[in-house]
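Proteins come first, then strands; the chains are lettered A, B, ... in the order of their sequence lines, and each starts at number 1. Side-chain atoms are counted along with the backbone in the values below, which use heavy atoms only and exclude waters and symmetry mates.
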Amino acid sequence: MKNLALLLSLSIALPALAERIPLPPNAPKSYQAECASCHMAYPPALLSAGDWKRVMERLDQHYGTDASLGIPQKQEISAFLERNAGNVWKPGISAQPARISQTPYFIRKHGEIPAKFWRDPRIKSAANCEACHRGASKGVFSEHDIAIPELRGD
Amino acid sequence: MKTTAALGLILVSLVSHAETPQQILKMYAPTGNAVRGEAVFRQKNTVNEKMPSCTSCHTENPINPGHHAITGKIIQPMAVAVNPERFTDSAKVEKWFGRNCKEVLGRACTPNEKADLIAYLSEVR
């Protein structure tokens with residue numbers, strides 16, 4: 001009985017430790033081609049559907065860049081992002097404009113990181129997940145696999 | 001044997017479909033000038049503080065991989081000599097000239113500038 005309780009509590013705790021947030025396998029090719037040239041192909045679960053909708057409505061003003069798309073690509077990518085968006089209770093609602101790095105989930109996970117690391121030329125921007133999370137493109141965001149030794153949560 | 005023939009056919013169709021930098025250059029102008037292309041590549045512009053030049057993301061030497069000036073994402077080298085995939089898809093070339101010229105120069109690049117840039121990036125070693 002005790003073992004069962006232990007197993008149960010482990011099975012609840014483990015997914016949180018592993019921190020796997022993969023890109024859904026059905027991601028359209030356009031998502032990689034149109035979005036992932038300038039930044040990582042962010043897993044849609046990192047923002048809520050409403051946040052993605054706001055991002056996709058203002059691609060002409062995309063964080064300081066004009067990232068406008070053709071209508072078919074925009075429709076295909078929007079549908080994919082909203083269909084696979086995060087449960088609103090997981091990432092939480094982001095600020096306006098929507099930013100993954102301003103969701104309560106992201107802030108909770110990165111709260112202990114001193115400001116000087118964000119300015120480190122190896123990192124450059126909170127948009128650059130792969131600078132620290134080596135496995136980010138495979139959906140692995142474990143704090144035990146951080147590329148920058150000073151930041152590793154061993 | 002049948003499979004080999006089929007594979008051969010697929011290969012031929014793939015090869016004939018891919019475009020060459022020279023073919024794409026000619027869509028913009030009869031010839032390109034690599035020296036002028038290098039000048040455009042290095043020219044410092046004033047419309048975008050974070051990306052004043054092509055080199056802001058693609059580095060001073062297009063043989064090297066670059067980093068997106070804002071997000072830090074790695075950008076594979078632009079030089080055909082080390083990255084033969086460059087300038088083999090005219091739609092992709094036109095899309096990125098469209099986005100990047102607007103962003104860095106604050107205007108569309110002229111067909112001659114595009115041909116010159118392709119000449120430079122095809123020849124640089």
Side-chain angles (χ1 to χ4, degrees), chain A residues 23 29-43 46 55 59-74 77 97-102 106 110 113 117-138 146-148 151, chain B residues 14 17-19 24 45-62 64-80 82-109 117 121:
Chain A
L23 192 64
K29 279 208 181 97
S30 56
Y31 188 51
Q32 209 49 254
E34 302 296 341
C35 307
S37 299
C38 296
H39 55 70
M40 191 190 131
Y42 299 122
L46 290 174
V55 169
L59 284 176
D60 59 326
Q61 290 173 32
H62 190 66
Y63 312 99
T65 291
D66 182 351
S68 301
L69 291 176
I71 290 167
Q73 291 95 330
K74 190 188 152 196
I77 294 170
R99 285 182 190 275
I100 292 169
S101 57
Q102 283 171 16
F106 184 98
H110 297 85
I113 296 170
F117 282 112
W118 294 115
R119 292 191 299 267
D120 188 300
R122 288 170 295 177
I123 298 174
K124 212 164 190 151
S125 157
N128 193 9
C129 307
E130 291 161 294
C132 300
H133 298 286
R134 283 184 285 215
S137 62
K138 293 185 185 69
I146 298 291
I148 293 174
L151 280 175
Chain B
L14 277 178
H17 181 74
E19 297 160 287
I24 295 178
N45 306 281
T46 50
V47 289
N48 189 331
E49 219 171 80
K50 287 178 178 157
M51 298 176 180
S53 165
C54 304
T55 62
S56 310
C57 293
H58 298 297
T59 81
E60 292 291 330
N61 184 351
N64 296 330
H67 283 96
H68 192 282
I70 295 165
T71 68
K73 162 111 189 164
I74 291 177
I75 301 171
Q76 295 309 315
M78 289 311 298
V80 174
V82 292
N83 185 0
E85 273 182 40
R86 290 299 184 200
F87 307 108
T88 55
D89 176 345
S90 53
K92 188 175 173 186
V93 171
E94 182 55 16
K95 178 181 98 177
W96 285 104
F97 272 139
R99 279 191 63 168
N100 293 348
C101 292
K102 187 173 168 196
E103 183 139 55
V104 176
L105 284 83
R107 60 170 173 83
C109 287
L117 281 163
L121 294 167

Exercise for the section: Take Cys38(A) and Arg99(B), measure what side chain to side chain contact (heavy atoms under 4.5 Å, CB included) needs, and give me the verdict at the end. Expected result: CA-CA 12 Å; Cys38(A) 296; Arg99(B) 279 191 63 168; 4.1 Å; yes
Practice task
Name the region of Ala126(A), side chain, backbone, both or neither, that has any atom closer than 4.5 Å to a heavy atom of chain B.
Solution key: neither
Exercise for the section: Could you tell me which portion of Ser37(A) (side chain, backbone, both or neither) has an atom closer than 4.5 angstrom to a non-hydrogen atom of chain B? Expected result: both
Exercise for the section: Give a yes or no on whether the backbone of Ala127(A) and the side-chain of Thr71(B) come within a donor-acceptor separation of less than 3.5 Å. Expected result: no
Completion exercise
Shortest non-hydrogen pair, Ala33(A) vs Lys95(B), comes out as O-NZ, 3.6 Å
Completion exercise
Nearest heavy-atom contact between Lys73(B) and Glu130(A) is NZ-OE1, 4.1 Å
So for atom [atom1], which belongs to [X], do other residues, nucleotides or ligands contribute more than 12 heavy atoms lying within a distance under 6.0 Å?
X: Lys124(A); atom1: NZ; result: yes
X: Glu94(B); atom1: CD; result: yes
X: Ile148(A); atom1: CD1; result: yes

Handout entry: Reported CG-to-OG1 distance for the pair Asn100(B) and Thr65(A), which is rounded to 0.5 angstrom
Key = 9.5 Å
Completion exercise
Checked Ala67(A), Gly64(A), Ala131(A) vs chain B; the most non-hydrogen pairs under 4.5 Å come from Ala67(A)
Handout entry: Which atoms of Lys50(B) approach chain A - backbone, side chain, both or neither, heavy atom under 4.5 Å
Key = neither
